[in-house]
Amino acid sequence: MKIINLRSNHPVLDIEIHPDSTVVMSGRPLFLPEDGKEMIAEGHIAVRISRLGKNISEKFASRYYDAVTVMLRIIPADGVPEGMEGVYSAMDASSVMGVWHECELIAAPFKVTLDGKCFEFAPLSKDIDALIHEISRYMTLKIGDVLMLPPFAKTSPLKASTHLTSSLNEVEAIDVKIV
């Protein structure tokens, strides 16, 4: 599994590839790094790739993903230092993957809560189809790969012994204890 993180909504494709060792599944504790930096979580909508594909037409892209969730990416509160982007994108246990839900949740307007705050989204299917088309021009998408959309929110600084929760249309996606 590779995790493809779209870093911005910029028209030029700007992605990071995260190894699978970065992922902590929802329900498992999240250990903050011991480097003394204050950390926050970025909230991302993520889709799971369900078919092998290269050069996927936008017309057929919806056939290549089957589930959606919320993912959190842990980063320093003051931003990632220049030149350290690769280190932070590959840091073990730096992303929390929520429980997967049917893609119908994003075919209509939907809501995501993160740390008690609610965010509303327009349907994302066409945006995801366009991104899959664009990314598949440069790399083969494989079953189990995860496509993270650009961040929609950031949490307040993370503290040990707190819970971080998120839901998609009021269905729990993430419940993680910060350690």
Side-chain angles (χ1 to χ4, degrees), residues 1-10 12-49 65 67-101 105 111-119 121 124 128 131 135 138-139 141-179:
M1 163 179 63
K2 64 181 167 283
I3 299 154
I4 304 163
N5 180 14
L6 295 153
R7 295 173 12 154
S8 69
N9 287 319
H10 193 273
V12 175
L13 197 57
D14 184 13
I15 65 172
E16 292 175 336
I17 306 294
H18 300 257
D20 58 359
S21 63
T22 64
V23 177
V24 173
M25 301 308 275
S26 181
R28 307 266 180 170
L30 173 65
F31 294 90
L32 294 175
E34 295 179 12
D35 64 2
K37 290 189 181 283
E38 192 171 66
M39 304 299 269
I40 62 171
E42 291 180 327
H44 297 259
I45 302 296
V47 294
R48 181 177 63 200
I49 302 299
Y65 58 96
V68 62
T69 193
V70 177
M71 277 187 81
L72 303 178
R73 180 170 175 239
I74 310 306
I75 61 168
D78 56 359
V80 177
E82 186 153 336
M84 295 290 288
E85 295 89 350
V87 172
Y88 280 96
S89 67
M91 186 171 64
D92 284 349
S94 61
S95 300
V96 179
M97 186 179 301
V99 176
W100 292 106
H101 298 286
L105 283 177
K111 294 180 184 177
V112 175
T113 59
L114 174 60
D115 203 20
K117 297 178 189 141
C118 187
F119 302 89
F121 291 88
L124 289 178
I128 294 168
L131 290 168
I135 290 168
Y138 302 100
M139 69 181 71
L141 295 176
K142 297 182 178 177
I143 296 170
D145 286 352
V146 176
L147 176 61
M148 290 172 60
L149 302 181
F152 63 84
K154 295 181 179 183
T155 65
S156 52
L158 302 174
K159 306 264 188 255
S161 71
T162 59
H163 261 83
L164 196 56
T165 60
S166 182
S167 64
L168 257 153
N169 278 351
E170 301 177 15
V171 179
E172 184 178 283
I174 293 177
D175 183 8
V176 65
K177 183 177 181 181
I178 310 296
V179 180

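- In this structure, Ile174 and Leu164 have side chains that are not in contact, with every pair of non-hydrogen atoms separated by 4.5 Å or more.
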(message) side chain to side chain donor-acceptor pair (under 3.5 Å) for Thr113 and Ser167? Distances and angles first, verdict last.
(response) CA-CA 5 Å; Thr113 59; Ser167 64; 2.6 Å; yes
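- Contact record, Leu30 with Ala93: CD1-O, 3.3 Å, taken as the closest heavy-atom pair.
- Shortest non-hydrogen contact noted between Pro29 and Val179 is CB-CG2, 3.6 Å.
- Rounding to the nearest 0.5 angstrom, the gap separating the CE atom in Met148 from the CE atom in Met97 is 8.5 Å.
- The distance from the NZ atom of Lys111 to the CZ atom of Phe121 is 12.5 Å, given to the nearest 0.5 Å.
- Contact of the His163 side chain with the Asp175 side chain is registered, since non-hydrogen atoms from C-beta on lie closer than 4.5 Å.
- Among the candidates Val68, Leu149, Val47, the single residue satisfying the side chain to side chain contact (heavy atoms under 4.5 Å, CB included) test with Leu124 is Leu149.
- Atom OG of Ser156 is separated from atom CD of Glu38 by 9.0 Å, given to the nearest 0.5 angstrom.
- Distance alone, capped at 3.5 Å, places no donor-acceptor pair between the His18 side chain and the Met91 backbone.
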(request) Go through the steps to decide whether Leu168 and Val99 satisfy the test side-chain contact (heavy atoms from CB on, under 4.5 Å), and finish with yes or no. (result) CA-CA 10 Å; Leu168 257 153; Val99 176; over 6 Å; no
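- Closest approach of Gly43 to Leu72, counting heavy atoms only: CA-CD2, 3.9 Å.
- Summarising the geometry of Thr162 relative to Lys159, their closest heavy-atom pair is OG1-O, 2.8 Å, with the distance given to 0.1 Å.
- Taking every heavy atom of both residues into account, Arg48 and Trp100 meet most closely at NH1-CD1, 3.3 Å.
- Listed for the Thr22 side chain is no donor-acceptor partner under 3.5 Å among the backbone atoms of Ser95.
- Annotation: side chain of His101 is not in contact with side chain of Asn169 (no heavy-atom distance under 4.5 Å).
- Annotation: the span from Ile49 atom CD1 to Ile143 atom CD1 amounts to 10.5 Å, rounded to 0.5 Å.
- Taking 4.5 Å as the limit, every side-chain heavy atom of Pro157 sits out of range of all side-chain heavy atoms of Met39.
- Considering only heavy atoms from C-beta on, Val146 stays 4.5 Å or farther from Thr69 through its side chain.
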(message) Assess the residue pair Ile75 and Glu42 against the criterion (side-chain contact (heavy atoms from CB on, under 4.5 Å)); give the C-alpha distance rounded to whole Å, side-chain angles, the decisive distance to 0.1 Å, and a yes or no.
(response) CA-CA 7 Å; Ile75 61 168; Glu42 291 180 327; 3.5 Å; yes
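- Side-chain contact check for Arg73 versus Pro151: every heavy-atom pair is 4.5 Å or farther apart.
- Between Tyr65 and Leu147 the shortest side-chain heavy-atom distance does not fall below 4.5 Å.
- In this structure, Phe119 and Leu114 approach most closely via the heavy-atom pair CE1-CB, 4.2 Å.
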